[in-house]
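To find a chain, count down the sequence lines: A is the first, B the second, and so on, and within it residues start at 1.
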Number of protein chains: 2
Amino acid sequence: MTGQVRTVDGRVAGRRGQATRQKLLDCLSEMLSSSPYRDVKVIDVARKAGTSPATFYQYFPDVEGAVLEIAEQMAAEGAELTGLVAGRSWVGKAGWQTAQELVDGFLEFWRRNDAILRVVDLGAAEGDKRFYKLRMKILNSVNNSLSDAVAELQSKGKVDKDVNPAAVAGALVAMLAAVASHQKGFQTWGVKQAELKPNLALLVHLGITGKKPTK
Amino acid sequence: MTGQVRTVDGRVAGRRGQATRQKLLDCLSEMLSSSPYRDVKVIDVARKAGTSPATFYQYFPDVEGAVLEIAEQMAAEGAELTGLVAGRSWVGKAGWQTAQELVDGFLEFWRRNDAILRVVDLGAAEGDKRFYKLRMKILNSVNNSLSDAVAELQSKGKVDKDVNPAAVAGALVAMLAAVASHQKGFQTWGVKQAELKPNLALLVHLGITGKKPTK
DNA sequence: TCGGTAAGCTGACGGCATGACAGGACAAGT
DNA sequence: ACTTGTCCTGTCATGCCGTCAGCTTACCGA
């Protein structure tokens, strides 16, 4: 499916080549979490990987290209998020649990990949279509599931007609992503992570169902 | 209050100096909205301002320093956000209007300053304390007001005891900021801005009061 | 075993941004 | 005109970028 991995000048990468390529990606990934995106230099990545800058350019057009590659891998892995919402109930106690598990899983996923997600978010916000699509790819599963949930409740008359399912779902997902990005921020604000989660779950539940959860 | 404007080497800037300084800031600001943060170079800013790179370094230690300066100006200006929530009612129809006006004002503010706010957000997410504090400074007024509103409703028994006002307020503010950053994203998602606003207002109202608004 | 071929890597280079400095230009007061 | 302090820029050493030619290594078929 991925086709063949190719170098910039068109050669097909073999075992060894793919290993170096992956090593470069790993090192870049590590650098992104330890220093500002703006300051990540090709030469540093290459040094860290024990190779030369020229090698880097053999596999990636530039730093951004490599970042996209990492993000792509993560997006595939991010399919796990689907399981957090697909086919879950939003009614009664089950609904409260769905909300809690969604918040939990989402925050955990974001924490695990925060460095790369920051860059994707920035790229998307700056209007870069590639990052943009990638962000959608990652969030789409959750977003669609939530949107469906709202639409279903709406068809049963449990949610007001004038609610736009896609808008509400999108806003809630954006909230989760933003809070996850600034988790540390809440801490110095005097809100501990353990306290944060149930409150987020509450907001999600309120947003989807329009009602307070039954706990 | 701002004290005196000083150059990097300690001289006090006079009329002319301050003018060039401001021109550099303006040009930087403009560049930030037209090209990715990562690609903004001192030499480009200087060229655009019709001066030399050396001049830039006379007033700012680096690009980041100048960005902080712009953000600081914006933060002061952002005090206007306070008026959107301070002393407003969250009950009945007035509550619904408060929510709507908050969303409206917030989105507008973000739209006006999106380029610089993106950078501040990134810096904060990357853990830079200076950007971090700045972000708090900008959002604090709204955040505190919302937090107070929840706490007040709570003391009247209108909101559950186990709700953490600061957490809810912070999450809602984060949501507004995130949605504002990705407004274009919602459009390609099939959600128009006009539809987005009332849904956001609904979420805000639900979050603060725990109830659907009376329209 | 032995080339042949393609993959893999690097040294080296021109080009450009950075950041520092010293000195020249300029305005204002005397 | 002269002095003083502000303001700007030419220039330079340094370091990263991105590319190329060319060397080394691995694989493969005869």
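At a threshold of 4.0 Å, the pair A/Arg47-A/Asp44 counts as salt-bridged, since one of the basic side-chain nitrogens sits closer than that to a carboxylate oxygen. Ion pairing between B/Arg38 and A/Glu126 fails under the 4.0 Å rule for side-chain N and carboxylate O. Here A/Glu64 pairs with A/Arg130 in a salt bridge; the nearest charged N to carboxylate O distance falls below 4.0 Å.
If you check C/dT10, C/dG8, D/dT9 against the side chain of A/Arg11, the one that comes closest is C/dG8.
Contact annotation for B/Thr51: backbone-only contact, meaning every heavy-atom pair under 4.0 Å involves sugar-phosphate atoms and none involves a base. Here A/Tyr59 lies in heavy-atom contact (under 4.0 Å) with sugar-phosphate atoms only.
A sub-4.0 Å separation between OP1 or OP2 of D/dC8 and a side-chain N or O of B/Ser52 is absent. Using a 4.0 Å cut-off, some side-chain N or O of B/Thr20 falls inside it from OP1 or OP2 of D/dC8.
A side-chain donor-acceptor contact under 3.5 Å links B/Gln97 and B/Glu101.
A ring-ring contact (aromatic ring centres under 6.0 Å, His included) check over residues 20-58 of chain B, counting only residues at least two apart or in different chains, returns the pairs B/Phe56-B/Phe60.
Between B/Leu25 and B/Gln73 the shortest side-chain heavy-atom distance falls below 4.5 Å. Residues A/Asn143 and A/Met136 have side chains not in contact (no heavy-atom distance under 4.5 Å, counting atoms from C-beta outward). Here the side chains of B/Glu195 and B/Phe186 are not in contact, with every heavy-atom distance at 4.5 Å or above.
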Got a list of protein N/O to nucleotides 24-29 of chain D N/O distances below 3.5 Å?
none

N/O-N/O pairs, protein side and nucleotides 14-19 of chain C side, under 3.5 Å:
| residue | atom | partner | partner atom | Å |
| --- | --- | --- | --- | --- |
| C/dT18 | OP1 | B/Val42 | N | 3.3 |
| C/dT18 | OP2 | B/Val42 | N | 3.2 |
| C/dT18 | OP2 | B/Ile43 | N | 3.2 |
| C/dG19 | OP2 | B/Tyr57 | OH | 2.9 |

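Taking atom CG of residue B/Asp39 and atom P of nucleotide D/dC16, one finds them 18 Å apart after rounding to whole Å. Rounded to whole angstrom, the span from the CZ atom of A/Arg6 across to the P atom of C/dA7 amounts to 9 Å. For the pair B/Lys23 NZ and D/dC7 P, the computed distance is 16 Å after rounding to whole Å. Taking atom NZ of residue A/Lys48 and atom C1' of nucleotide D/dC16, one finds them 18 Å apart after rounding to whole Å. A/Asp9 has its CG atom 12 Å from the P atom of C/dC9, to the nearest Å. Taking atom CZ of residue A/Phe56 and atom P of nucleotide C/dT10, one finds them 14 Å apart after rounding to whole Å. The CG atom of A/Leu24 sits 14 Å away from the C1' atom of C/dT10 (whole-angstrom rounding).
Using a distance-only test at 3.5 Å, with no hydrogens or angles considered, no donor-acceptor pair links the side chain of A/Ser141 to the main chain of A/Ala79.
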